[in-house]
Amino acid sequence: MDLLKLFSLLFTDYTVRNVALGSAIVGAVSGTIGSFALLRKQSLMGDAMSHAALPGIALVFIITGLKTPVALFLGAFGAAWLGAILIIVITRYTRVKEDSSLGIVLAVFFGFGLVLLSWIQRNRGANQAGLDKFLFGRAAAIVEADVIVMAVIATITIILVALFWKEFKLLAFDVDFAASLGFPVRVLDVLLTTLIVMGIVVGLQVVGVVLMAALIVAPAAAARQWTDRLSTMVVISAGFGAFSGAVGALLSSLARGLSTGPIIVLTASAIAIFSLFFAPNRGLIWDWLRQRSNRNRLAQDRVMEALYIMASNHGDPTHPHGLENLAAVLPHYNVKATLEKLGERGLVSMRGKYWSLTDQGVQIVEELQNDTHAAGEGSMLEGKAST
Amino acid sequence: MNATSYKDLPVSVEDLTVAYRYEPVLWDVDVDVPQGTLMAIVGPNGAGKSTLIKTVLGLIEPAAGRVSIYGESFKEQRNRVAYVPQRGSVDWDFPTDALDVVMMGRYGHLGWLRHPGADTRKLAMEALEKVGMQKYANRQISQLSGGQQQRVFLARALIQDAEIYLMDEPFQGVDATTERAIIEVLRALQGRGSTVVAVHHDLETVPEYFDHVLLLNVRAIACGPVEDVFTQENLRKTYGGRTDMLAAATKNVNGNP
């Protein structure tokens with residue numbers, strides 16, 4: 001498949017354009033609010049809320065018989081919001097912990113939703129077609145009217161996040177301090193939760209209740225890997241979300257039978273997995289390299305120190321010693337390889353079979369020893385996380 | 001005590017009872033914190049030390065009793081009180097740097113919809129300087145040592161520009177440099193007439209760092225000047241007879257009264 005041709009679909013194919021645009025908007029909103037959900041350790045709350053939306057959709061249909069986007073949206077919003085508030089209330093006023101209350105709300109609401117769906121299936125027959133698509137999303141059915149609704153909600157979300165930026169940041173970082181400053185943290189909590197519900201409900205018709213949580217978590221988790229600034233994180237997260245939405249929509253348009261929602265979620269997950277491994281500083285690969293270089297550095301320091309101490313017995317810090325002697329003193333180190341690396345750095349030299357510290361090497365060991373003495377007084381702790 | 005003298009008391013706690021369910025955490029506690037003192041709150045684990053501070057700050061609803069700040073409710077006096085929470089109460093992997101955390105101390109003054117600007121940034125830099133952390137202003141907070149994180153929290157309280165400073169275990173797990181920096185700041189605060197109340201764990205340093213002490217174990221065992229109330233007798237009542245460590249702690253007081 002020609003990439004250019006695929007890309008041109010965006011501009012020529014009306015359906016593809018709407019689906020891609022709608023999915024991108026949904027991804028951007030999810031990424032924005034997902035950042036806050038992630039930092040407040042509420043990723044699972046997103047999952048509970050999206051599942052909780054299902055009975056709302058079914059009830060609206062049973063009561064009104066309507067299947068219009070706005071009606072279903074309101075039903076989903078009402079049920080998800082109720083679920084979210086229930087989680088907050090249960091956690092605050094009972095002995096049930098948050099993870100359990102999430103589980104309870106998710107299971108009860110989703111189970112009730114499934115019961116209603118099967119009731120509709122039996123009693124309303126063919127008329128129910130479309131409702132079960134909320135389980136896995138129905139991105140392919142997005143039309144211009146949906147895109148407009150999504151864009152409006154996205155705009156509202158982004159404006160609110162911008163307006164209450166410092167409040168949301170403080171709420172996510174240090175809730176007690178926020179309360180001591182006089183911010184109404186419960187109101188802010190409900191407001192932020194409402195925004196998360198709104199984002200989820202908009203996303204439901206694209207990726208469905210089952211996978212929606214992934215679109216909240218994945219872009220945010222990926223973005224966190226690339227930056228240490230909240231504002232940058234939110235922007236990157238929104239970008240990842242939008243990218244996943246657009247790419248997922250385009251990929252699924254390539255072949256029949258590829259449903260858009262799962263492809264979007266897979267794209268977002270791929271970005272997240274890549275970020276977890278390869279992001280500078282926080283990535284696993286980076287961690288692994290750093291650990292290895294620390295280990296090498298430590299081994300070099302130990303070998304130099306051993307050479308120094310042994311040589312000092314002879315009254316001359318550059319007095320040479322054989323490899324065997326060193327290896328006997330440091331049985332758990334690869335002394336030979338370490339000496340060769342030190343040789344490359346010009347800190348030791350080899351004469352025949354004997355190794356000795358160079359003048360530069362002696363100087364470094366002496367500095368090192370001063371440092372370790374100071375560490376006894378706690379100054380080595382400076383600059384290291386020691387929680 | 002009459003109504004006018006309340007107005008002179010930075011913190012006055014009367015008949016305060018706090019309970020989690022049926023379990024009382026604080027029972028009928030009376031504490032008066034005199035103007036300009038450095039007061040330590042000491043007591044065993046679960047004695048309600050943090051709870052007392054949080055209740056004064058209105059973060060916990062008491063079952064009974066009253067808290068007043070200069071004779072009025074905390075809500076009315078909020079801007080005169082600064083708070084240093086326990087370092088472990090937040091996630092230090094939050095995506096932000098030291099300077100940004102310090103600036104949060106001004107959020108209350110800024111009010112709604114206003115964002116911190118250059119003047120707030122300048123105040124925050126000055127506060128970081130006071131705790132010896134200006135070099136680390138742009139360091140991601142998870143890259144700071146425990147002591148440095150504690151100093152960031154202290155700087156955040158400093159730019160609140162308050163008269164009363166309530167601190168929850170500011171010396172918990174800090175290095176020597178930080179301990180000295182914190183003490184210096186506490187002395188400076190006292191020097192300009194502020195009042196400091198800090199939960200403290202290290203009994204040995206109480207007489208050196210503080211002039212007043214509250215011995216707390218659900219009930220207020222004793223409260224007053226260190227030389228009067230920081231006695232073996234009172235410590236035994238507070239800690240319940242683990243006298244070996246108590247003897248060591250009070251020898252500073254008894255040795256040089």
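Proteins come first, then strands; the chains are lettered A, B, ... in the order of their sequence lines, and each starts at number 1. A quick note: this is a predicted structure, and the numbers were derived from the prediction, not measured. We use all heavy atoms of the structure for the numbers below, so side chains are in, but hydrogens, waters and symmetry mates are not.
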Does the pair B:Phe153 and B:Trp92 meet the rule for a ring-ring contact (aromatic ring centres under 6.0 Å, His included), with working shown? CA-CA 11 Å; B:Phe153 259 12; B:Trp92 289 92; 5.0 Å; yes

Step-by-step ring-ring contact (aromatic ring centres under 6.0 Å, His included) determination, B:Phe171 to B:His200: CA-CA 7 Å; B:Phe171 296 101; B:His200 195 57; 5.1 Å; yes

Test side-chain hydrogen bond (donor to acceptor under 3.5 Å, both in side chains) on B:Tyr209 and B:Glu179; report intermediate values, then the result. CA-CA 10 Å; B:Tyr209 294 168; B:Glu179 188 143 343; 2.7 Å; yes

Please test A:Gln225 against A:Leu276 for side chain to side chain contact (heavy atoms under 4.5 Å, CB included), starting from the C-alpha separation and ending with a verdict. CA-CA 7 Å; A:Gln225 292 293 102; A:Leu276 286 176; 3.9 Å; yes

Show your reasoning for whether side-chain hydrogen bond (donor to acceptor under 3.5 Å, both in side chains) applies to B:Thr120 and B:Arg106. CA-CA 7 Å; B:Thr120 309; B:Arg106 296 304 288 182; 5.7 Å; no

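Proximity to chain A (any heavy atom under 4.5 Å) is shown, for B:Tyr20, by neither the backbone nor the side chain. Proximity to chain B (any heavy atom under 4.5 Å) is restricted, for A:Arg282, to the side chain, taken from C-beta onward. Interface remark: B:Lys54 contributes side-chain atoms only to the contact with chain A (heavy atom separation under 4.5 Å). For B:Val81, no part lies under 4.5 angstrom from a heavy atom of chain A. Of the two parts of B:Leu59, only the side chain, counted from C-beta on, holds a non-hydrogen atom closer than 4.5 Å to a non-hydrogen atom of chain A.
Across B:Ile141, B:Asp93, B:Asp91, the residue that shares the most heavy-atom pairs under 4.5 angstrom with chain A is B:Asp93. Across B:His109, B:Arg78, B:Gln160, the residue that shares the most heavy-atom pairs under 4.5 angstrom with chain A is B:Arg78. Of the listed residues (B:Lys75, B:Gln140, B:His115), the one with the most heavy-atom contacts under 4.5 Å to chain A is B:Gln140.
Here A:Asp287 pairs with A:Arg290 in a salt bridge; the nearest charged N to carboxylate O distance falls below 4.0 Å. Salt bridge absent: B:Glu184 and B:Arg187 never bring a charged side-chain N and a carboxylate O closer than 4.0 Å.
For the pair A:Arg292 and A:Trp288, the cation sits on the ring face: its NZ or CZ lies under 6.0 Å from the ring centre, inside 45° of the axis.
Other residues, nucleotides and ligands place more than 12 heavy atoms under 6.0 Å from the CZ atom of B:Arg192.
Proximity to chain B at a heavy-atom threshold of 4.5 Å picks out A:Ala162, A:Leu163, A:Phe164, A:Trp165, A:Lys166, A:Glu167, A:Lys169, A:Leu170, A:Ala172, A:Phe173, A:Asp174, A:Asp176, A:Phe177, A:Ala179, A:Ser180, A:Leu181, A:Gly182, A:Phe183 from residues 157-183 of chain A, in numerical order.
The minimum heavy-atom distance linking B:Ala124 with B:Leu99 is given by the pair CB-CD1, 3.7 Å.
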